[in-house]
*Asks:* 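What follows is a structure written as structure tokens; I'll ask about it next.
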Amino acid sequence: MNMLARARPELVALKPYASARRSGFTAPIRLDANESPWPDAGTAEAALNRYPEPQPERLRERLAELYAVAPTQLWSGRGSDEAIDLLLRAFCRAGHDNVVGLAPSFGMYRIGATVQGVEFRAHALDARAGFALDAKALLAHVDAATKLVFLCSPNNPTGALHHAAIDTLATALAGRALLVVDEAYIEFAAVPSAAARIAEHANLAVLRTLSKAHGLAGARIGTLIARADIVDLVARIAPPYPLPTPSVAAALAALAAPALARTRQRSSWLVRERERLRDALGACAGIVQVWPSAGNFLLLRCVDAAATFARLLAAGILVRDFSSQPGLEGCLRVSIGAREHNDAVLAALATEGR
Ligand code: PMP
């Protein structure tokens, strides 16, 4: 079944905004977009007086290569955050539909759903079970009004990998709901991306980002990967120029072969460093548990999270305090930094005996 049958019909029927860059014409004198004839008076950076291409072809091709899909199967915008927002808008009717996601997990699925006026149904993961996912139990939240199921894998902030459930979930949800697999941290995991599986599953979407492994959080480039009909729908409802010119230039530089090789080396280093830190933190005073992680971060349970947070802050180190979230009592999340940053964490926590 074509998943557009589950999208908002008024959006499927919507004739998209005809921006100047979509007209298909080019000419040396461009007076079609109410732009300034001069670069900005401050930096005078080349070409910033002109609107960018909605989806620059070179970037699309490079991302398609990187993610091993066809260029027609991806849409890029301002971080995966924007793709999450647009999927919610494209599929969910306010006051009627619902979406399902994990808890704990990345917070923007719930925020985006609430902004769109749709119920967020949380499937609770149990810390005592290592935050493992029971696909059958998750599916019990799904009903006829469920449009999207968010599966963050590796999951933020637990670090758990849920890729083994993708085929079961996509098959069970076929024709009913879109399974959105958020792979923001996949570069640090030892499993292949689910992107290849969109060939088997019409109801599978995958989110990727340049914000983590590629070191471009400030450029805001996230990508939705799905069948071309879903990608087309998202592109049609997106704002006309979602990709700022300087961000596109930064992304193209990061996707050149030597930069990609460096990124892969750095990701492998971060994975090794994560394991070193996991062992060392496990031996630190005040830390009860360090969960295994497939991301570039570790979730810790502390005897006293507020005290550990304060101790780190006093040493000039900021980590994320999740201890007030249900199911994450006593928990802090620590990103894997450079060697000296990680050593500073260990030095700050190693000053007490166990
Ligand atoms: N998904 C997950 C799981 C994340 O942790 C984050 C950012 N913390 C995002 C998406 C958003 O990433 P982006 O910078 O691509 O918007």
*Asks:* Are any side-chain N or O atoms of Arg58 and backbone N or O atoms of Val248, one a donor and one an acceptor, separated by less than 3.5 Å?
*Replies:* no
*Asks:* Kindly say whether His162 contributes a backbone atom to a donor-acceptor pair with the side chain of Ser153 at under 3.5 angstrom?
*Replies:* yes
*Asks:* Of Lys147, Arg6, Gln116, which is the lone residue that meets side-chain hydrogen bond (donor to acceptor under 3.5 Å, both in side chains) with Asp97?
*Replies:* Lys147
*Asks:* Is the shortest side-chain N to carboxylate O distance from Glu329 to Arg128 below 4.0 Å?
*Replies:* no
*Asks:* State plainly whether one hydrophobic cluster holds both Ile225 and Ile84, where clusters connect Ile, Leu, Val, Met, Phe, Trp and Tyr through side-chain heavy atoms under 4.5 angstrom apart.
*Replies:* no
*Asks:* Which atoms form the tightest heavy-atom contact between Trp75 and Pro242, and what is the distance?
*Replies:* CZ2-CG, 3.9 Å
*Asks:* Check the pair Glu200, Thr171 against side chain to side chain contact (heavy atoms under 4.5 Å, CB included), reporting the backbone distance first and the verdict last.
*Replies:* CA-CA 9 Å; Glu200 291 151 62; Thr171 303; over 6 Å; no
*Asks:* Donor-acceptor check, side chain of Arg301 to backbone of Gln289, threshold 3.5 angstrom: yes or no?
*Replies:* no
*Asks:* Is it true that Val271 and Ile186 fall in one hydrophobic cluster, defined by side-chain heavy atoms closer than 4.5 Å?
*Replies:* no
*Asks:* Are there over 12 heavy-atom neighbours, none belonging to Glu10, within less than 6.0 Å of that residue's CD?
*Replies:* yes
*Asks:* Measure from the side-chain N and O atoms of Arg278 to the backbone N and O of Val290, and report whether any donor-acceptor pair falls under 3.5 Å.
*Replies:* yes
*Asks:* To the nearest 0.5 Å, what is the distance between OH on Tyr241 and CZ on Arg50?
*Replies:* 11.5 Å
*Asks:* Enter the distance from Leu148:CG to Leu178:CG here, rounded to the nearest 0.5 Å.
*Replies:* 6.0 Å
*Asks:* Can you find a side-chain donor-acceptor pair between Tyr109 and Asp182 that sits under 3.5 Å?
*Replies:* yes
*Asks:* Under 4.0 Å between a side-chain nitrogen and a carboxylate oxygen: does that hold for Asp321 and Arg333?
*Replies:* no
*Asks:* For the CD1 atom of Ile198 and the CG atom of Leu179, what is their distance to the nearest 0.5 Å?
*Replies:* 12.5 Å
*Asks:* Can a donor-acceptor pair be found, under 3.5 Å and without considering hydrogens, that links the side chain of Ser23 to the backbone of Phe25?
*Replies:* yes
*Asks:* Which of these, Leu204, Leu87, Asn203, Val206, sits in a side chain to side chain contact (heavy atoms under 4.5 Å, CB included) with Val180?
*Replies:* Leu87
*Asks:* Using modelled atom types only, decide if a donor and an acceptor are shared between the side chain of Asp134 and the backbone of Ala137 within a distance under 3.5 Å.
*Replies:* yes
*Asks:* Can you see which heavy atom on Phe297 is nearest to which on Ile336, and at what distance?
*Replies:* N-CG1, 3.8 Å
*Asks:* Are Ile317 and Phe322 co-members of a hydrophobic cluster defined by side-chain heavy atoms under 4.5 Å apart?
*Replies:* no
*Asks:* Report yes if some heavy atom in the side chain of Leu63 is under 4.5 Å from a heavy atom in the side chain of Ser76; otherwise report no.
*Replies:* yes
*Asks:* Indicate if Val118 and Val234 have the same hydrophobic cluster label, given that clusters are the connected sets of ILVMFWY residues with side-chain heavy-atom separations under 4.5 angstrom.
*Replies:* yes
*Asks:* When hydrophobic residues are tied together by side-chain contacts of less than 4.5 Å, even through go-betweens, does Leu299 share a cluster with Val345?
*Replies:* no
*Asks:* How long is the span from the CG atom in Leu300 to the OG1 atom in Thr308, to the nearest 0.5 Å?
*Replies:* 8.0 Å
*Asks:* Heavy atoms, side chains only, cut-off 4.5 Å: are Leu216 and Ile221 in contact?
*Replies:* no
*Asks:* Test side chain to side chain contact (heavy atoms under 4.5 Å, CB included) on Glu53 and Leu243; report intermediate values, then the result.
*Replies:* CA-CA 8 Å; Glu53 294 301 315; Leu243 294 170; over 6 Å; no
*Asks:* Would you check if Phe106 and Pro157 make a side-chain contact, meaning some heavy-atom pair closer than 4.5 Å?
*Replies:* no
*Asks:* Does this structure show an ion pair linking Glu273 with Arg276, if we count only N-O contacts that are shorter than 4.0 Å?
*Replies:* yes
*Asks:* Got a donor-acceptor contact below 3.5 angstrom from the Asn155 side chain to the Ala160 backbone?
*Replies:* no
*Asks:* Within the side chain of Glu183, is there an N or O that forms a donor-acceptor pair under 3.5 Å with the backbone of Ala194?
*Replies:* yes
*Asks:* Inspect the contact between Arg62 and Glu65 and indicate whether a charged nitrogen and a carboxylate oxygen are less than 4.0 angstrom apart.
*Replies:* yes
*Asks:* Do you know which two heavy atoms are closest between Val231 and Thr72, and how far apart they sit?
*Replies:* CG1-O, 3.6 Å
*Asks:* Keeping Arg21 on the side-chain end and Tyr51 on the backbone end, is there a donor-acceptor pair under 3.5 Å?
*Replies:* yes
*Asks:* Hey, are the side chains of Asn156 and Tyr185 touching, using non-hydrogen atoms and a 4.5 Å cut-off?
*Replies:* yes
*Asks:* Taking all heavy atoms of Val319 and all of Phe309, pick out the closest pair and write down the distance.
*Replies:* O-CE1, 3.1 Å
*Asks:* Side chains of Phe91 and Val99: does their closest heavy-atom pair fall under 4.5 Å?
*Replies:* no
*Asks:* Give, for atom OG1 of Thr223 and atom CG of Leu59, the distance between the pair rounded to the nearest 0.5 Å.
*Replies:* 7.0 Å
*Asks:* Could you please spell out the steps behind the side chain to side chain contact (heavy atoms under 4.5 Å, CB included) verdict for Asp167 and His201?
*Replies:* CA-CA 8 Å; Asp167 282 322; His201 301 292; 2.8 Å; yes
*Asks:* Find out whether Asp40 and Asn49 are in side-chain contact, i.e. whether some heavy atom of one side chain is under 4.5 Å from a heavy atom of the other.
*Replies:* no
*Asks:* When you measure from the side chain of Arg208 to the backbone of Gly222, do you find a donor-acceptor pair of N or O atoms at a distance under 3.5 Å?
*Replies:* no
*Asks:* Taking all non-hydrogen atoms of both residues, which atom of Arg89 and which atom of Arg8 are closest, and how far apart?
*Replies:* O-NH1, 2.8 Å
*Asks:* How about Asn98 and His141: does a side-chain donor come under 3.5 Å of a side-chain acceptor?
*Replies:* no
*Asks:* Can you see which heavy atom on Thr209 is nearest to which on Glu187, and at what distance?
*Replies:* O-OE2, 4.1 Å
*Asks:* Is the shortest heavy-atom distance from the side chain of Leu74 to the side chain of Arg60 under 4.5 Å?
*Replies:* yes
*Asks:* Go through the steps for Ile166 and Arg197 under the test side chain to side chain contact (heavy atoms under 4.5 Å, CB included), then give the verdict.
*Replies:* CA-CA 9 Å; Ile166 291 172; Arg197 299 194 220 169; 3.5 Å; yes
*Asks:* Could you check whether any side-chain heavy atom of Val149 comes within less than 4.5 Å of a side-chain heavy atom of Leu173, counting everything from C-beta outward?
*Replies:* yes
*Asks:* Working to the nearest 0.5 angstrom, can you tell me the gap between Arg274 CZ and Asn342 CG?
*Replies:* 12.5 Å
*Asks:* Can Arg121 and Asp143 be counted as an ion pair, charged N to O under 4.0 angstrom?
*Replies:* yes
